Q: 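Take a look at this one; I'll ask things after.
Numbering of ligands and ligand atoms starts at 1, following listing order. Computed from a prediction, not measured in an experiment: that's the story for all the values here.
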Amino acid sequence: MGQRTPIFEKLLVVGTATASYQIEGAVNQDGRGRSVWDVFSHTPGKIKPGHTGDVACDHYNRMTEDVQLLKQLGVDAYRFSIAWPRVLPEGRGRVNEKGIDFYSRLVDELLEAGITPYPTIFHWDLPQSLQKEYGGFNDRRIVKDFADYAEILGQRLGDRVKKWITINEPWVYSILGHLLCVHAPGKKNPWIALRVVHHTLLAHAAAVERLRNVLGNTEPSTGPRSKSPSGNSPSSTSARTTGAKAEGHKHDEEEVEIGITLNLFPVYPKSESKKDRKAAGMADQFVNRLFLDPLLKGEYPKELWEKFKLLRPKVSEEDMRRISTPVDFIGINNYTRERAEYRYLIPWAHFYLSGMDVPEREYVKNGVQHTSMGWEVYPEGIYELLSRMRDEYGNPPVYITENGAAFNDELVEEEGELRVHDPLRVDYLRSYLREVERACRDGCNVKGYFVWSLMDNFEWAEGYNKRFGLFYVDYEDGQRRIMKDSGYWYRDFIRNRKQLFES
Ligand code: FCB
């Protein structure tokens, strides 16, 4: 990639991402309560190789050392998530001081290292006590409990943390966790799943309201009632000045931004048949528009909602008004594209999304690289999504909050040094970043980019076998972290970008 390309000027924030249950371990330490993922991962047969997040990368006990990894990469920002049951072991009420203290120390370490913290308030590890008491997100009571939790975080960390992501991938949490039974809490019920969809959105909205009260009001840029639907609010414009960067994050630290992260992927028809094309349209409404439309247009996608008449929850106008409360940004997690085909036997939806089966390792099919998750490498997809945000949703500020790839990495010893040669991951990141760059050049409102992930970790239903990290984690050898070639590549990418601002 050429060094002096527009992406470096426009893309101010570059970082990496992780999530609490995937890296922290220490599940019984310092008063942490149980989460739905503790229960699910200990349920026989749920996680492929029988792994759990009990130890994970032991990040809870190695946090200081892990911040050094971020420093080595030279990132501007770090996206991590906060484990709700560490802060509130019962889900509400009593605050576990040791738990909140851990995140407070993490934030201090990051700021000390010149790295802007981007915490996610909920990345799926719901306190088990709330699941047990009222079914978690299946019940509207979750909205208040989630908002209370968010408010506590705002009060305790808001003096130093200005960037907040309310919920990670509510689609995955609702659908994989409540319809397909492959994630916690392991339900298989379409009525529950759609209630969870609605309640995650309401919980997000309530958290935004509370956080704004604690952190002070910002001038939000999205949503049907936003003052500046183009995203060119005074705050987002000033955030784009290169000068802000040269001042060393000063600006970033001051500007409050609250958003939500969605997993989006372009859906293509499996064939050109009319039925498959229609199936792709429905699948797009189901995976992408199910969350984008309520948040940014104040309504569920009509055709899909009509189809789900018998399944969908009661939704009031007031709900939709709250859900579409403007936010400061939309976070997008994108890895691949999917293909949809018509299947009569699939009730209600009548479409089937391929790519749900996970292979042993990466492969090439018809000349196209697939990752070890079986995900097609399709960099143009990220461009398509960003253009779609520009053209169909008023060009709100967007962060790519996750992008990355799992490959079967091997640790090798060369001249007494441990190395991981992962050219496929370097190619992946380079090609996706190029497309992000192209989108920036074509007027998309991109504010930042985070690689998933800082280090290898517990990849949910796949356990530890799928490695996404820029650092290799040697689980067998004292949890050693080894920078992969892709880590060196990302470090150089960031360095070259920085030279631009300094010159
Ligand atoms: C996303 C999740 C993240 C990680 C990546 C690979 O869906 O948000 O935790 O597992 O996929």
Q: Inspect the contact between Arg388 and Asp284 and indicate whether a charged nitrogen and a carboxylate oxygen are less than 4.0 angstrom apart.
A: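 Salt bridge: yes.
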Q: For ligand 1, indicate whether the residue Trp124 contacts it via side chain, backbone, both or neither (heavy-atom separation under 4.0 Å).
A: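 The answer is the side chain of Trp124.
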Q: I need the atoms of ligand 1 closer than 4.0 Å to a non-hydrogen atom of Asn168, numbered in the order shown.
A: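 Every atom of ligand 1 under 4.0 Å from some heavy atom of Asn168: 8 (O).
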Q: Hey, which atoms in ligand 1 end up nearer than 4.0 Å to a heavy atom of Gln22?
A: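 Within the 4.0 Å cut-off of Gln22, ligand 1 contributes 3 (C), 4 (C), 9 (O), 10 (O).
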Q: With a cut-off of 4.0 Å, which atoms of ligand 1 are near a heavy atom of Trp460?
A: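 Counting atoms of ligand 1 from 1, those under 4.0 Å from Trp460 are 3 (C), 4 (C), 9 (O), 10 (O).
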Q: Please confirm whether Asn263 comes under 4.0 Å of ligand 1, counting heavy atoms of the residue only.
A: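 Heavy atoms of Asn263 never come under 4.0 Å of ligand 1.
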Q: Rounded to the nearest 0.5 Å, what separates atom OG in Ser453 from atom CZ in Phe468?
A: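 Nearest 0.5 Å value for the OG-CZ distance: 9.0 Å.
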Q: Give the residue and atom name of whichever protein heavy atom lies nearest to atom 7 (O) of ligand 1, and the separation in Å to one decimal.
A: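 Answer, as residue, atom name and distance: Glu169 OE1, 2.5 Å.
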Q: Could you tell me whether Glu459 approaches ligand 1 through its side chain, its backbone, both or neither, with non-hydrogen atoms closer than 4.0 Å?
A: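 Just the side chain.
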Q: Using the side chain to side chain contact (heavy atoms under 4.5 Å, CB included) rule, pick out the option among Thr401, Ile330, Thr120 that qualifies with Thr261.
A: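 Among Thr401, Ile330, Thr120, the one that satisfies the side chain to side chain contact (heavy atoms under 4.5 Å, CB included) with Thr261 is Thr401.
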Q: For ligand 1, which atoms sit closer than 4.0 Å to a heavy atom of Phe468?
A: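 Heavy-atom distances to Phe468 below 4.0 Å select 6 (C).
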Q: Any N or O of Trp375 that comes nearer than 3.5 Å to an N or O of ligand 1?
A: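 Trp375 vs ligand 1: no N/O contact under 3.5 Å.
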Q: Decide if atom NZ of Lys270 counts as having more than 12 heavy atoms of other residues, nucleotides or ligands within a radius under 6.0 Å.
A: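 No - once you tally the heavy atoms of other residues, nucleotides and ligands closer than 6.0 Å, there are 12 at most.
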Q: Please determine if Arg337 and Glu380 form a salt bridge, counting it only when a charged side-chain N lies under 4.0 Å from a carboxylate O.
A: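 Salt bridge: no.
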Q: Please confirm whether the backbone N or O of Leu304 pairs with a side-chain atom of Gln285, one donor and one acceptor, at under 3.5 Å?
A: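 Side chain of Gln285 to backbone of Leu304: a pair is present.
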Q: Quick one: which of Glu402, Glu462, Lys466 has a heavy atom closest to atom 3 (C) of ligand 1?
A: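 Among Glu402, Glu462, Lys466, the closest heavy atom to atom 3 (C) of ligand 1 comes from Glu402.
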Q: To which protein heavy atom is atom 5 (C) of ligand 1 closest, and what is the distance rounded to 0.1 Å?
A: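 Residue, atom and distance for the closest contact: Tyr335 OH, 3.2 Å.
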Q: Within the structure provided, determine whether Asp66 and Arg481 are in side-chain contact (heavy-atom separation under 4.5 Å).
A: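 SC-SC contact between Asp66 and Arg481 confirmed.
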Q: Without swapping roles, check the side chain of Asp328 against the backbone of Gly259 for a donor-acceptor pair under 3.5 Å.
A: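 Answer holds: no.
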